[in-house]
Amino acid sequence: MRNIPVNLAGFKLRVVEEPSIKADQDGKVITAYGTDDPLYVVGVFAKPVATEDGYRGKGEELRITLSTSPEGIEEGDLVELIGATVSHWERDGRSGLTWKAQGVKPL
């Protein structure tokens with residue numbers, strides 16, 4: 001399955017790594033499929049919103065690939081993802097999740 005929509009309404013997202021242009025290991029800029037438009041990446045910490053009894057649960061750092069330029073987003077900002085999706089990948093005995101979003105906006 002590819003690009004599964006994700007509802008992050010029960011989480012607070014805080015920027016822990018300012019957005020930057022996405023590049024491969026050789027420094028080549030990665031572009032959106034079929035275009036010359038660069039992709040961006042932002043690091044966020046996703047922390048569950050507290051439940052009625054005050055329990056918050058553990059959070060996790062996520063690296064989100066963005067298809068639009070993230071204007072005005074800085075480290076420490078609380079943000080919301082626009083059109084968030086997740087995909088599973090496997091390669092050479094390794095596997096994980098790839099997080100993507102159309103954009104990000106400050107709260």
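As the structure is a computational prediction, the values presented were derived from the model and not from experiment.
From Asn3, atom CG reaches atom OG1 of Thr98 across 9.5 Å, with rounding to the nearest 0.5 Å. Atom CZ of Arg14 sits about 4.0 Å away from atom CG of Leu78, to the nearest 0.5 Å. With values rounded to the nearest 0.5 angstrom, Lys47 atom NZ is found 10.5 Å from Lys12 atom NZ. Considering CD1 of Ile21 and OG of Ser69, their distance stands at 8.0 Å, rounded to 0.5 Å. Atom OH of Tyr40 sits about 7.5 Å away from atom CD of Glu71, to the nearest 0.5 Å.
Grouping the Ile, Leu, Val, Met, Phe, Trp and Tyr side chains by contacts below 4.5 angstrom, directly or via other members, places Phe11 with Leu66.
Look at Glu17 and Arg63 and you find a salt bridge, because one of the NZ, NE, NH1 or NH2 atoms lies within 4.0 Å of a carboxylate O, short of that distance.
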Test side chain to side chain contact (heavy atoms under 4.5 Å, CB included) applied to Trp99 and Leu81, step by step: CA-CA 11 Å; Trp99 291 83; Leu81 297 177; 5.6 Å; no

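The backbone N or O of Val79 sits nowhere less than 3.5 Å from a side-chain atom of Asp77 that would complete a donor-acceptor pair. Under the 3.5 Å distance criterion, the side-chain polar atoms of Thr85 are left unmatched by any main-chain donor or acceptor of Ile4. A distance-only check finds no donor-acceptor pair linking the side chain of Thr31 to the backbone of Pro38 [under 3.5 Å]. Checking side-chain atoms of Arg56 against main-chain N and O of Val49 turns up no donor-acceptor pair under 3.5 Å. Under a 3.5 Å cut-off, the side chain of Asp26 and the backbone N or O of Lys28 do not form any donor-acceptor pair.
Contact of the Arg94 side chain with the Trp89 side chain is registered, since non-hydrogen atoms from C-beta on lie closer than 4.5 Å. Using a 4.5 Å cut-off on side-chain heavy atoms (C-beta onward), Leu97 and Ser87 make no contact. Between Val104 and Pro19, every side-chain heavy-atom pair lies at or beyond the 4.5 Å cut-off.
Looking at every heavy atom in both residues, Leu13 comes nearest to Leu8 through CD1-CD1, 4.1 Å. The minimum heavy-atom distance linking Gln102 with Thr68 is given by the pair O-OG1, 2.7 Å.
With Val42 as the fixed residue, the side-chain contact (heavy atoms from CB on, under 4.5 Å) test singles out one of Thr65, Ile64, Leu62, Val16: Ile64.
Ser67 and Lys100 form no side-chain donor-acceptor contact under 3.5 Å, judged by distance and modelled atom types alone.
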